[in-house]
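The next block holds one structure in the form of structure tokens; read it before the comments.
Order of appearance sets the numbers: ligands from 1, and atoms from 1 within every ligand.
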Amino acid sequence: MVKNIMEFQHVSKQYDDNVVLRDISFEIEAGKFYTLLGPSGSGKTTILRLIAGFDHPSSGKIYFDGKQINDIPANQRQVNTVFQDYALFPHMNVAENVAFGLQIKGVKKAEIKQRVKEALHLVQLDGYDDREITAMSGGQRQRVAIARAIVNKPKVLLLDEALSALDHKLRVQMQTELRQLQRRLGITFIFVTHDQEEALAMSDQIMIINDGKIQQSGTPVDIYDEPLNHFVADFIGESNIVPGIMKKDYVVSINGQDFDCVDAGMKPNEKVEVVIRPEDLDITTVEKGKLVGTVETQLFRGVDYQITVIDQRNHKWKINSIHKTKVGVKVGITFDPEDIHVMRYNESEEDFDARLDSYEEGD
Ligand SMILES: Nc1ncnc2c1ncn2[C@@H]1O[C@H](COP(=O)(O)OP(=O)(O)OP(=O)(O)O)[C@@H](O)[C@H]1O
């Protein structure tokens with residue numbers, strides 16, 4: 001087997017005038033838990049549909065296990081899909097649902113029985129064979145849907161918002177179960193979600209999509225710590241994003257004030273975006289603060305306080321701190337050079353300048 005199980009080369013998809021995917025290229029390594037993350041309408045499901053063969057690209061090439069599959073029909077692809085609504089047959093019991101695809105393929109009865117048993121065991125539903133679907137909970141139905149997909153022994157399992165119908169507690173439990181299942185099976189999972197926490201928690205690799213374009217691919221830690229652009233920084237976790245100027249290597253100016261940072265390689269005085277995560281900021285005395293402002297809100301969240309501070313230029317900083325402060329008090333804000341993350345901006349120069357001006361004027 002080749003190392004990359006899936007590859008898209010310059011794939012575009014449009015429906016009439018509506019361009020849904022714009023020249024997308026990526027590779028998916030075999031045996032990984034891979035997540036497609038993006039807001040509603042960004043094109044995630046379309047990518048899954050192209051992989052499954054339910055739809056075809058307008059241009060570009062799709063490779064599966066080293067072979068081009070653009071013209072291979074869905075039923076001949078070694079891929080199975082778990083849908084958001086599970087798409088189970090309500091008039092069949094659990095075993096009949098799981099067996100259905102194998103029966104269609106004409107697999108022998110004894111083999112079907114054995115494979116259904118194995119699949120139900122993998123999703124921890126041993127002994128549920130005769131249970132009616134209507135008598136199963138949401139979490140159990142989810143497992144039946146997964147069993148029905150893995151009984152075909154696909155090389156790739158596609159999961160389209162597969163956990164979104166579950167309540168929060170069950171969803172978190174199923175996240176762990178799915179992750180364990182993927183490791184046990186050793187096959188590639190391609191999981192679609194719009195929930196960034198879910199993506200960070202479950203994935204080996206995340207691909208972030210917006211408006212039919214790949215914004216960034218990488219491990220959860222890469223994407224969280226090194227967002228490539230404003231969209232990613234904003235979409236993944238909470239961020240303070242402010243316009244700045246890269247004075248020279250390792251020095252960035254925010255608010256007209258220079259700060260040491262760990263970034264280099266930009267042009268002198270290049271306009272940049274500066275990202276600092278709320279958990280990397282802390283409250284201190286006015287004297288020790290790199291920035292100074294007034295506490296606007298404070299919310300106790302169990303593990304920390306979620307604080308907002310308005311600086312002299314009227315910019316609101318989000319801070320997650322274990323240190324308590326008081327609303328209305330003047331405080332300093334500290335951070336370390338490595339907590340400053342500098343990105344190139346990706347909007348028009350006019351828009352960026354307008355934001356920089358309004359920020360520096362303190363609007
Ligand atoms: N068959 C179709 N005909 C026309 N437009 C379509 C078709 N399928 C999808 N689209 C459009 O393509 C865009 C991307 O849809 P897609 O379902 O891939 O997004 P998504 O990221 O999965 O969103 P969601 O999270 O809401 O499911 C949307 O604007 C959608 O309206």
- Could you tell me whether the side chain of N240 and the main chain of K318 form a donor-acceptor pair under 3.5 Å? yes

- Query: In terms of side-chain geometry, is the basic nitrogen of D129 or K113 positioned less than 4.0 Å from the acidic oxygen of its partner?
  - Reply: no

- Message: Do the side chains of E27 and K3 get close enough for a salt bridge, i.e. N-O under 4.0 angstrom?
- Response: no

- Shell of residues surrounding ligand 1, defined by a 4.0 angstrom heavy-atom cut-off that is strict: Y15, N18, V20, P39, S40, G41, S42, G43, K44, T45, T46, E161

- Message: Using the ring centroid of each side chain, check whether Y63 and F8 are separated by less than 6.0 Å.
- Response: no

- Do the charged groups of K61 and E7 touch, with an N to O distance under 4.0 Å? no

- Message: Strictly below 4.0 Å, N to O, side chains only: are E238 and R277 in salt-bridge contact?
- Response: no

